[in-house]
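Shown next, in structure tokens, is the structure this report addresses.
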Amino acid sequence: MSRKTKLILPGLDRQRLPRHVAIIMDGNGRWAKRRGRPRVAGHREGMNSVRSVIRTCGELGIPHLTLYAFSTENWRRPVREIRFLMNLLIEFLNRELDELHCQGVRIRMLGGRERIPARVLASIDQAITQTRRNRGLQLNLAFNYGGRRELLDAVGAYVNLRPRPALTEEVFSRLLYTAELPDPDLLVRTSGEYRLSNFLLWQLAYAEIVVSPVLWPDFRERELGQVLREYQKRERRFGGVKSVHA
Ligand code: FPP
């Protein structure tokens with residue numbers, strides 16, 4: 001375990017960590033603006049936060065991490081910024097894939113494949129294939145992801161099922177992009193914004209939500225430790241009356 005991860009252990013109960021953490025990584029643009037730099041500088045620094053958070057979750061033994069890296073709404077951004085984000089994902093995978101593979105990380109993608117340039121898809125597919133047998137941290141990159149779109153895709157898949165089973169929560173969950181994953185226990189959003197932004201609309205039904213005021217490029221091990229401690233203070237009742245701990 002790295003020194004930085006060890007530093008966040010005090011006050012954390014490792015038996016009660018969330019099984020699945022989902023993060024809306026927000027505030028890259030503001031981080032850059034405050035420094036008088038172009039927005040993309042914030043995305044680039046945000047990539048370093050991505051690396052830290054993946055490593056720390058892996059070292060803590062958190063089984064699932066989902067990162068909202070590009071939403072269906074992000075296509076409305078200037079073309080240059082979109083191109084930068086696409087290239088940044090390729091750069092990240094080029095640089096980090098071997099290391100992530102050694103750490104036992106398995107990479108999945110949640111989202112539609114349409115509109116994503118072929119070279120980006122090739123890079124994602126390579127990462128998925130190379131890591132598919134890994135049993136460490138299950139890393140889900142929500143990329144070209146939209147929650148409403150996912151729900152519509154699932155409805156479309158359901159009506160085409162032959163034979164069509166009775167519609168239950170279990171049947172429906174299995175038709176989502178997250179079919180094999182447990183629902184997130186903890187949703188983190190950075191930069192002090194209180195919005196779901198079309199993220200995991202079905203899966204977040206019972207998640208604890210922690211909003212961190214810190215902008216994503218500044219969100220590292222220490223900030224992750226803070227949100228995990230906040231999560232552990234919460235009493236989870238899932239609509240019942242008794243506390244249920246993950
Ligand atoms: C939101 O900040 C962030 C994004 C839309 C992109 C997230 C991308 C990264 C963190 C880059 C690295 C990712 C990977 C997986 C390599 P914003 O631009 O909306 O910030 P603002 O609200 O301050 O403008």
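Each ligand, and each atom within it, is numbered from 1 in the order the structure gives.
Looking only at heavy atoms of the protein, atom 1 (C) of ligand 1 is closest to Met25 O, 3.2 Å. Nearest protein heavy-atom neighbour of atom 14 (C) of ligand 1: Val50 CG2, 4.1 Å. Looking at atom 20 (O) of ligand 1, its nearest protein heavy atom turns out to be Gly29 N, 3.0 Å.
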Inset, instruction - Check the pair Ile24, Val188 against side chain to side chain contact (heavy atoms under 4.5 Å, CB included), reporting the backbone distance first and the verdict last. - result: CA-CA 6 Å; Ile24 301 177; Val188 179; over 6 Å; no
Legend entry - Worked check of side chain to side chain contact (heavy atoms under 4.5 Å, CB included) between Asn198 and Thr72: CA-CA 9 Å; Asn198 203 14; Thr72 45; 3.9 Å; yes
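Side-chain polar atoms of Glu59 and Ser2 form a donor-acceptor pair below 3.5 angstrom. For the residue pair Glu230/Gln226, the side-chain donor-acceptor check at 3.5 Å is not satisfied.
Looking at Lys33 against ligand 1, nothing comes within 4.0 Å, counting heavy atoms. Residue Trp216 touches ligand 1 through its side chain alone, judged by heavy-atom distances below 4.0 Å.
In this structure, Arg34 forms no cation-pi arrangement with Trp31, as its terminal cationic atom is not both closer than 6.0 Å to the ring centre and no more than 45° off the ring axis.
Around atom CZ of Arg164, more than 12 heavy atoms belonging to other residues, nucleotides or ligands sit under 6.0 Å away.
In the vicinity of Arg30, heavy-atom distances shorter than 4.0 Å reach the ligand 1 atoms 21 (P), 22 (O), 23 (O). Taking every non-hydrogen atom of Ala69 and a distance limit under 4.0 Å, the qualifying atoms of ligand 1 come out as 6 (C), 7 (C), 8 (C), 15 (C). Heavy-atom contacts of Arg39 reach the following atoms of ligand 1: 17 (P), 18 (O), 24 (O) (cutoff under 4.0 Å).
Aromatic ring pairs are classed by plane angle as parallel below 30°, tilted from 30° to 60° and perpendicular above 60°; the pair Tyr145 and Phe199 is perpendicular.
The heavy atom nearest to atom 8 (C) of ligand 1, considering only Leu88, Leu67, Leu215, Asn28, is found in Asn28.
Across all non-hydrogen atoms, the minimal contact from Pro184 to Gln203 is CD-O, 3.5 Å.
Ligand 1 lies within reach of Arg77, whose nearest heavy atom is under 4.0 Å from it. At a 4.0 Å cut-off, at least one heavy atom of Asn74 sits close enough to ligand 1 to count as contact.
Checked against a 3.5 angstrom limit, the closest N/O atoms of Gly46 and ligand 1 fall outside it.
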